[in-house]
Structure formats: structure tokens, C-alpha cells
2 protein chains.
Amino acid sequence: MKLTSKGRYAVMALVDLARFDNINPVSLRDISLRQGISLDYLEQIFSKLKKDQIVKSIRGTHGGYVLSKKPNEIKLTNIFHAVDEKVKTVQCKKESKKGCNGKSTKCVTHNLWDELENHINTFFEKKSLEDLLKNNIERRT
Amino acid sequence: MKLTSKGRYAVMALVDLARFDNINPVSLRDISLRQGISLDYLEQIFSKLKKDQIVKSIRGTHGGYVLSKKPNEIKLTNIFHAVDEKVKTVQCKKESKKGCNGKSTKCVTHNLWDELENHINTFFEKKSLEDLLKNNIERRT
DNA sequence: ACATACCTGACTAAAATGGTCAAGTATAGT
DNA sequence: ACTATACTTGACCATTTTAGTCAGGTATGT
């Protein structure tokens, strides 16, 4: 299972982006300063987000990034998928056609991980950027 | 979030144990052979399982391990907890009282991880060894 | 006594993580 | 045209975690 800082940063940055993306694009430098995330690292993350068309980039002075869709259309699943945070639990070796751990049958836990994966994905499919945004605005009033 | 092979091995080993633990204790050597897990690694894992009283050990010839409770009383939560597989997602630095990422407020994703954690724990609290056992027996008939 | 099997702790190679660094390219504003 | 801003790309790296191995025990049934 992979769910690390990269995914967290991606979500934080996108919430930030969603909040300030009104008229002008938002520069990574601003996000970096506001969220306390290294600029260089943000660039890596945003290049992936762009590849998955979650954000659009605008170059040049006063350039920056803009969301490609509305906040309620961006689910957390999409974000994690973009930055390679696979909600994929321990792999039973799948290269070998044989089964898990070189045995001829599936290991007893094989189905378990599939179920867990579904369970987690359900959670992330329901949550959108907008949900987080709301939650955050409420808390700051 | 940590959910690695150690946890998977622990579950596999315990299911194996539950299946063969009828009259005699089961030796790690047998589990190692049946499940294809290194004996030395199993010993590490079982020392933790023992510390959390999920299994009992019997020394000497024909010794081995035995479950401390009935399979339906052993939830996966207990197992993962024992082997230090914390279903704990990305940490926002908690040492600093200030908040996440050195900012004075909680980061926007802070609550999200708590929710996720609960969501996953719910899953593991419902699943017991017995469930896996049943599932496995069904499949092999 | 001796084989079996648990017990303990130190060690380690390889991979993943969380970045940094360097050298660009594109564009807006002057 | 120049220049500052900001995106773009790819290589690099220190640290930590993972998934074990290794070496030496200790306890106990036969």
C-alpha cells in the first residue's frame, strides 16, 4: 500500500489552487510559500497532475496553474492516481503465473487485499476537492 | 500508511496455524515450508504475535505455536497491530504543537487522513481469522 | 544427551521516499 | 528586444524502510 507525502502534498496543493484560482492562475511559488512545500517537489507533482489533465498550465509572467475541471468533478481517486499513489496493497507476486509465493494456488489472503482495495477506493471516489474545500472554509469561520 | 509484506505474512501464517492447530502445536518450520516464508522472518513475526497474546508458544520437541483465542475472536486489527503495521496514513508532523508543515493551523487534509484511518480500521475490525478460514475452505472444495 | 524448536539481537542489501540541483523553454510586460 | 517570471525536464542523492539473513543462544520431550 502506498499513500505517502506525495499524495498528501498533491491534495494540499490542489485545495490551495482551488481556493485561489478565481481570475488569475496560481503560481507554484505561491503554493509553495502558503503550504510550506518545496517548490522543486511541487513541480514534479504538478507535471504529473498536468499529464492526467487535472490542471492546466499557463506559462510566462503571471502564469501558473488552473484546475481543468470544477472542484466537485475532481475526486481524490483521480489525484492519487495521477501522482502514482496506487491504493494497491501488498502484492502477491503476479509475474509468476503460478500463484503467490511460488505456490501453485493463491495465497489465503489474496482476496482480502482486493476487498480492501475496493473498500478504500470507495472512500476516495466519494470525496471530491469540493468536499475538502467546504470542510476547510467551515473551519475557518 | 503502512501495510506491507510483514502484515500479509502474519495473516497467512495465522490462517495456516488455525487450520492445522487441532491436537498438536504447529512448528514454524512447517508453516515456513507450507507458506513459503523464511523461517527466520517468521520467528520475528511470531515473537510479536506472542507479545500481543495472539499465539502461545510451546517449547521443545514437537513444540510450536497455538492460537490463544478462537479464530473468530482474532480480528485482523489485532494482527496488524501486533506486527506494527499501523494503519496510519501520512503523518502531519505532530511533534511540533504548531500544526502541519510548520504552519500555525492544521493542513487542509488533516481530517481526511483521520477519516480514512477510521474507514480502513472498520474494515479490519469486522474481519476475523475465521472469515478468512471459511473463505479458503470454500474455495478448495 | 540430543534433536527439535523456540528465542533474541545484530546486521544488511535493496528499494522507496522525499526531496535537491541544474539547465533549460515559453511568455507577458516594459 | 529584453528581461523577469514561471513552467519543464531530467538527473541526482541522502535517508529511511523493508524484508529479510545470520549467529548464537535456551528450553524441553524422548
Side-chain angles (χ1 to χ4, degrees), chain A residues 1-10 12-13 17 20-21 23-33 35-51 54-66 68 80 83-86 88-93 100-102, chain B residues 1-10 12-13 17 20-21 23-33 35-51 55-66 80 83-86 88-93 100-102:
Chain A
M1 173 101 182
K2 271 175 73 187
L3 256 190
T4 66
S5 290
K6 193 187 287 181
R8 178 172 141 242
Y9 287 166
M12 285 169 67
L17 183 54
F20 290 95
D21 167 20
I23 321 128
N24 301 331
V26 181
S27 75
L28 293 190
R29 210 176 71 90
D30 288 351
I31 298 180
S32 167
L33 290 173
Q35 302 297 327
I37 304 169
S38 140
L39 175 60
D40 285 311
Y41 202 27
L42 273 180
E43 285 174 342
Q44 280 184 41
I45 293 170
F46 271 75
S47 103
K48 296 188 177 196
L49 292 175
K50 189 189 170 188
K51 201 163 56 188
I54 291 170
V55 295
K56 278 186 284 199
S57 69
I58 290 144
R59 304 184 77 148
T61 323
H62 301 121
Y65 285 93
V66 175
S68 295
F80 288 129
V83 296
D84 291 324
E85 294 274 65
K86 298 191 197 312
K88 182 78 193 140
T89 45
V90 227
Q91 275 96 346
C92 310
K93 290 175 200 153
C100 311
N101 277 26
Chain B
M1 172 102 179
K2 271 174 71 187
L3 257 189
T4 67
S5 290
K6 193 188 285 182
R8 177 171 141 243
Y9 286 167
M12 285 170 68
L17 182 54
F20 290 94
D21 166 21
I23 321 128
N24 301 331
V26 181
S27 75
L28 292 190
R29 210 177 71 89
D30 289 351
I31 297 179
S32 165
L33 291 172
Q35 302 296 328
I37 304 168
S38 139
L39 175 59
D40 284 312
Y41 202 27
L42 273 179
E43 284 176 343
Q44 280 183 41
I45 292 170
F46 271 75
S47 105
K48 296 189 176 195
L49 292 174
K50 189 189 170 188
K51 199 162 58 189
V55 296
K56 278 185 283 198
S57 69
I58 289 142
R59 304 186 76 149
T61 323
H62 299 123
Y65 285 93
V66 175
F80 289 129
V83 297
D84 291 323
E85 295 273 64
K86 299 192 196 309
K88 182 78 193 142
T89 46
V90 226
Q91 274 96 346
C92 311
K93 289 176 200 152
C100 312
N101 277 29

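Here is the naming used below: chain letters follow the sequence lines, and residue numbers restart at 1 for every chain. Worth saying up front: this structure is predicted, and the values here are computed from it rather than measured.
- Looking only at side-chain heavy atoms (C-beta outward), B/Val83 and B/Leu49 come within less than 4.5 Å of each other.
- At a threshold of 4.0 angstrom between heavy atoms, the contacts of B/Ser27 are confined to the sugar-phosphate backbone, with no base atom among them.
- Side chain B/Glu43 to base D/dT21: no donor-acceptor pair is found below 3.5 Å.
- Put simply, CD1 on A/Ile58 is 11 Å from C1' on C/dT27, counting in whole angstrom units.
- Within the 4.0 angstrom heavy-atom criterion, only backbone atoms of the sugar-phosphate kind lie near B/Tyr65; the bases stay farther away.
- Going from atom NZ of B/Lys50 over to atom P of C/dA5 covers 16 Å, rounded to whole Å.
- Taking 4.0 angstrom as the limit, A/Thr61 places none of its side-chain polar atoms (N or O) nearer than this to OP1 or OP2 of D/dA4.
- Within 4.0 Å (heavy atoms only), A/Val55 reaches no atom of the nucleic acid at all.
- To the nearest angstrom, P of D/dC7 lies 18 Å from NZ of A/Lys51.
- With B/Ser5 contributing its side chain and B/Arg8 its backbone, the two residues share no donor-acceptor pair below 3.5 Å.
- Taking the six-membered ring for Trp and thresholds of 30 and 60 degrees, B/Tyr65 and B/Phe46 have ring planes inclined between 30 and 60 degrees apart.
- Atom CG of B/Leu39 and atom P of D/dT21 are 9 Å apart (whole Å).
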